[in-house]
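Pasting in a structure now, in structure tokens, and then I'll have a few things to ask.
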Amino acid sequence: MSGPDSPTAVFAVLADDTRWEILELLGSEDLSASALADRLPVSRQAIAKHLVALEGVGLVERVPVGREIRYRALGSVLGAVGRRLEAIGAQWDTRLARIKEIAENL
């Protein structure tokens with residue numbers, strides 16, 4: 001999977017703690033960039049740059065509300081990445097179970 005919603009792109013965007021904080025805030029309610037800046041120790045301009053990055057990989061979307069633009073967290077991309085990680089984890093669980101079985105039969 002390549003492109004803006006690839007796991008590599010998503011993890012690169014999420015490598016910043018502020019972006020995680022933004023996602024956590026947007027998980028409970030839609031907020032404007034100004035409202036996010038009021039809640040975080042970051043300037044509104046920095047928030048705007050973080051939102052562009054999050055939007056670029058499909059983690060947030062713009063929601064027009066009157067004359068204001070609010071942002072909403074989207075779970076579909078994180079869900080897809082989570083499912084891939086779960087599949088990898090299941091493969092490792094299977095391998096470890098085989099190793100344990102071999103070790104116990106020695």
Side-chain angles (χ1 to χ4, degrees):
M1 176 193 277
S2 63
D5 61 347
S6 74
T8 302
V10 172
F11 286 126
V13 166
L14 292 176
D16 185 288
D17 290 337
T18 300
R19 292 180 187 148
W20 277 106
E21 291 180 63
I22 290 170
L23 277 179
E24 288 172 356
L25 289 169
L26 294 177
S28 59
E29 63 182 310
D30 299 352
L31 296 167
S32 67
S34 296
L36 287 164
D38 289 343
R39 296 182 187 195
L40 297 169
V42 190
S43 70
R44 192 205 171 290
Q45 292 80 10
I47 292 291
K49 289 180 183 181
H50 288 302
L51 288 167
V52 166
L54 290 164
E55 192 175 17
V57 294
L59 292 171
V60 301
E61 70 177 350
R62 295 171 190 229
V63 179
V65 179
R67 293 176 36 206
E68 184 178 61
I69 299 293
R70 293 186 187 171
Y71 292 85
R72 174 180 297 148
L74 300 173
S76 59
V77 172
L78 281 179
V81 171
R83 285 188 295 281
R84 289 185 72 179
L85 289 173
E86 285 178 21
I88 292 167
Q91 291 169 347
W92 275 102
D93 289 345
T94 300
R95 285 180 171 187
L96 291 173
R98 279 191 222 144
I99 291 169
K100 180 181 177 191
E101 182 181 335
I102 290 168
E104 288 174 345
N105 290 327
L106 289 177

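Predicted model only: the values in this text are computed from it and were never measured.
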Students should find that the hydrophobic cluster of I88, defined by side-chain heavy atoms under 4.5 Å apart, otherwise consists of W92

Could you list the donor-acceptor pairs under 3.5 angstrom formed between side-chain atoms of residues 96-106 and any protein atom two or more places apart in sequence or on another chain?
unit_1: N105; atom_1: ND2; unit_2: E101; atom_2: O; d: 3.1

Distance col, row R83:CZ vs E86:CD, nearest 0.5 angstrom, shows 8.5 Å

Output for pair (S32 OG, I47 CD1), nearest 0.5 Å, gives 10.0 Å

Partner of V77 under side-chain contact (heavy atoms from CB on, under 4.5 Å), picked from L59, V13, L54, is L59

When every non-hydrogen atom of G27 is compared with those of A73, the smallest separation belongs to N-CB, 4.1 Å

Closest non-hydrogen atoms of L26 and Y71, given as atom of the first, atom of the second and distance, are CD2-O, 3.2 Å

Value for CG (L31) from CD1 (I69), rounded to nearest 0.5 Å, stands at 13.5 Å

**Message:** Applying a strict under-4.5 Å side-chain criterion to I, L, V, M, F, W and Y, I'd like to know whether V57 and L78 cluster together.
**Reply:** yes

Side chain to side chain donor-acceptor pair (under 3.5 Å) filter on E29, not counting sequence neighbours, yields R39

side-chain contact (heavy atoms from CB on, under 4.5 Å) filter on L85, not counting sequence neighbours, yields F11, V81

On a heavy-atom basis, the closest approach of S34 and R44 is OG-NE, 3.4 Å

side-chain hydrogen bond (donor to acceptor under 3.5 Å, both in side chains) pairs touching residues 45-65, sequence neighbours excluded, are R19-H50, E55-R62, E61-R72

Connected to V63, directly or through other members, by ILVMFWY side-chain contacts below 4.5 Å are V65

Check your understanding: Linking I/L/V/M/F/W/Y whenever their side-chain heavy atoms sit closer than 4.5 Å, directly or via other members, would V42 and V60 fall into one cluster?
Key -> yes

